[in-house]
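Quick note on labels: first sequence line is chain A, next is B, and so on, each numbered from 1.
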Protein chains: 2
Amino acid sequence: MNIYILLFDDFRTLDVFGPVDVFGEVEEFTLHYCSVAEGLIYSSHHVPIMTTAMPSILPPDSIIFIPGGMGTRSLVHDQLFITFLTQIIPQASYCLTVCTGSALVAKTGLLEGKVVTSNKNAWSWVTSINSRVHWQHHARWCVDGRFYTSSGVSAGIDMALGFVSDLYGQERAVKIANLMEYVWNSEPDNDPFCKAL
Amino acid sequence: MNIYILLFDDFRTLDVFGPVDVFGEVEEFTLHYCSVAEGLIYSSHHVPIMTTAMPSILPPDSIIFIPGGMGTRSLVHDQLFITFLTQIIPQASYCLTVCTGSALVAKTGLLEGKVVTSNKNAWSWVTSINSRVHWQHHARWCVDGRFYTSSGVSAGIDMALGFVSDLYGQERAVKIANLMEYVWNSEPDNDPFCKAL
């Protein structure tokens with residue numbers, strides 16, 4: 001399966017590279033670091049990533065991954081970007097978001113009626129984007145059909161391991177977590193940060 | 001303070017971008033993504049990072065950060081690289097390593113007689129590099145003078161938070177961990193993965 005990681009300026013660094021460290025250990029996955037315009041993209045911590053152009057037609061068995069970060073605050077008002085998401089997400093077998101990445105997908109309308117979560121530190125802003133989404137405050141991550149949405153930043157690692165577990169079994173996920181020396185929170189309904197609201 | 005993040009091909013992705021997500025939230029730090037030859041560097045998961053040239057003379061109050069990853073296995077035999085490390089590390093106020101990054105520094109001899117740790121999945125290889133280093137198998141991370149060394153991959157996040165705590169107080173570190181929605185293991189002597197040996 002191809003995972004298209006859609007980057008934009010001021011994405012949150014760990015939103016992307018936590019899950020990348022998980023997905024990169026799955027031999028069935030090929031990772032693509034993309035942006036709409038291709039070229040250098042800078043994370044929230046000024047990490048310069050060289051990206052290729054995000055394809056507008058996805059091959060079968062594709063996965064789209066959308067991070068959060070301060071860049072989402074302006075991007076949610078970028079009609080061309082939101083239209084692009086609206087056209088491309090339905091082509092993917094799965095769409096995964098971390099942190100405020102779910103705000104971008106919520107703006108498309110594609111999450112309406114679905115069980116979704118996001119960063120607890122940005123909760124009031126994210127949930128204001130679309131009130132017809134069933135926002136879950138207690139969740140570390142949510143699964144609803146093709147959509148996987150996680151809480152903030154490091155929650156993306158837990159969700160990524162959960163995604164691998166759902167696709168290939170828990171043993172694979174545990175093996176990767178051990179390789180990363182990461183204490184996996186494997187319970188999607190257990191968010192230690194949901195009280196931060 | 002300037003943090004020089006020394007990248008090389010096949011560094012482990014999260015070794016770098018976990019700590020970057022911590023350091024990037026500290027306004028006193030300026031982060032530099034460097035390599036010996038400058039230009040594009042590819043992580044273990046093929047993330048293309050655009051780097052600037054690592055300076056051979058460091059300004060005062062500099063920090064060097066050295067990740068691990070499979071790239072260290074060949075780099076430890078690269079005499080020019082090891083000589084460069086030997087010359088540059090003594091100029092830094094602090095030298096931080098994650099995972100098998102400590103193997104590279106051990107090779108220089110600068111860690112001899114010091115309390116140091118590394119990835120538990122690569123323990124026998126790393127410790128074979130230099131037997132005069134006091135390798136600590138039980139540690140999540142170690143501090144000895146200017147040297148901070150962490151265990152594997154995600155342990156770098158715990159050490160980075162510990163480094164911020166040592167420099168600016170625990171409250172700053174906890175605030176950043178909460179922002180990252182990360183459950184910080186703040187005990188350097190508590191490594192849940194040390195039994196993996």
Side-chain angles (χ1 to χ4, degrees), chain A residues 3 5 7 12-26 29-33 39-52 69 98-99 119-122 140 150-158 176-185 191-196, chain B residues 3 5 7 12-26 29-33 39-52 69 98-99 119-122 140 150-158 176-185 191-196:
Chain A
I3 305 187
I5 296 162
L7 302 179
R12 177 92 195 194
T13 312
L14 190 58
D15 283 13
V16 170
F17 298 115
V20 158
D21 212 89
V22 174
F23 299 147
E25 298 300 321
V26 178
F29 292 159
T30 303
L31 278 61
H32 305 270
Y33 306 98
L40 275 178
I41 291 288
Y42 292 82
S43 84
S44 51
H45 308 109
H46 312 296
V47 180
I49 314 294
M50 186 59 80
T51 63
T52 54
V98 175
C99 194
N119 189 325
K120 304 304 148 55
N121 292 295
R140 185 70 168 163
S150 92
S151 193
V153 197
S154 70
I157 304 175
D158 294 328
I176 293 171
N178 286 339
L179 186 70
M180 295 165 68
E181 298 192 350
Y182 179 72
V183 180
W184 178 29
N185 174 356
D191 183 3
F193 297 94
C194 71
K195 288 175 186 163
Chain B
I3 305 187
I5 296 162
L7 302 179
R12 176 92 195 196
T13 312
L14 190 59
D15 284 13
V16 170
F17 297 115
V20 158
D21 212 90
V22 174
F23 299 148
E25 298 299 320
V26 178
F29 292 158
T30 302
L31 278 61
H32 304 271
Y33 306 98
L40 275 178
I41 290 288
Y42 292 82
S43 84
S44 52
H45 308 110
H46 312 297
V47 181
I49 314 293
M50 185 60 80
T51 63
T52 54
V98 175
C99 196
N119 190 324
K120 303 306 147 54
N121 292 295
R140 185 71 168 163
S150 92
S151 194
V153 199
S154 70
I157 304 175
D158 293 329
I176 293 171
N178 286 339
L179 186 70
M180 295 166 68
E181 298 192 353
Y182 179 72
V183 180
W184 179 27
N185 174 355
D191 184 3
F193 298 92
C194 71
K195 289 175 184 163

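- For the set D21(B), T13(B), V20(B), the count of heavy-atom pairs under 4.5 angstrom toward chain A peaks at D21(B).
- Taken to the nearest 0.5 Å, the CH2 atom of W184(B) stands 9.5 Å off from the CD1 atom of I176(B).
- If you measure heavy-atom distances from N119(A) to chain B, the contacts under 4.5 Å come from both the backbone and the side chain.
- By the 4.5 Å heavy-atom criterion applied to side chains, I157(A) and M180(A) are counted as neighbours.
- Distance CG/D158(A) to OG/S150(A): 8.5 Å, rounded to 0.5 Å.
- Under the 4.5 Å side-chain criterion, counting only non-hydrogen atoms from C-beta, R140(B) is in contact with F193(B).
- Contact tally against chain B (heavy-atom pairs below 4.5 Å) for S44(A), G24(A), P48(A): the top residue is P48(A).
- Within the 4.5 angstrom heavy-atom criterion, atoms from both the backbone and the side chain of L179(A) approach chain B.
- Contact annotation for N178(A): both backbone and side-chain heavy atoms come within less than 4.5 Å of a heavy atom of chain B.
- Taking CD1 from I49(A) and CE from M50(B), the interatomic distance works out to 10.5 Å, rounded to the nearest 0.5 Å.
- The contact between L40(A) and chain B is made entirely by side chain atoms (from C-beta outward), counting heavy-atom distances below 4.5 Å.
- When heavy atoms are compared at a cutoff of 4.5 Å, Y33(A) approaches chain B solely by way of its side chain, counted from C-beta outward.
- Residues P19(A) and V98(A) are in side-chain contact: their nearest non-hydrogen atoms beyond the backbone lie under 4.5 Å apart.
- Taking chain A as the reference chain and counting heavy-atom pairs below 4.5 Å, the highest number among D15(B), N185(B), V47(B) is found for V47(B).
- Going from atom NE2 of H45(B) over to atom CD1 of I5(A) covers 10.5 Å, rounded to the nearest 0.5 Å.
- Among the candidates A155(A), A122(A), G152(A), the residue making the largest number of heavy-atom pairs closer than 4.5 Å to chain B is G152(A).
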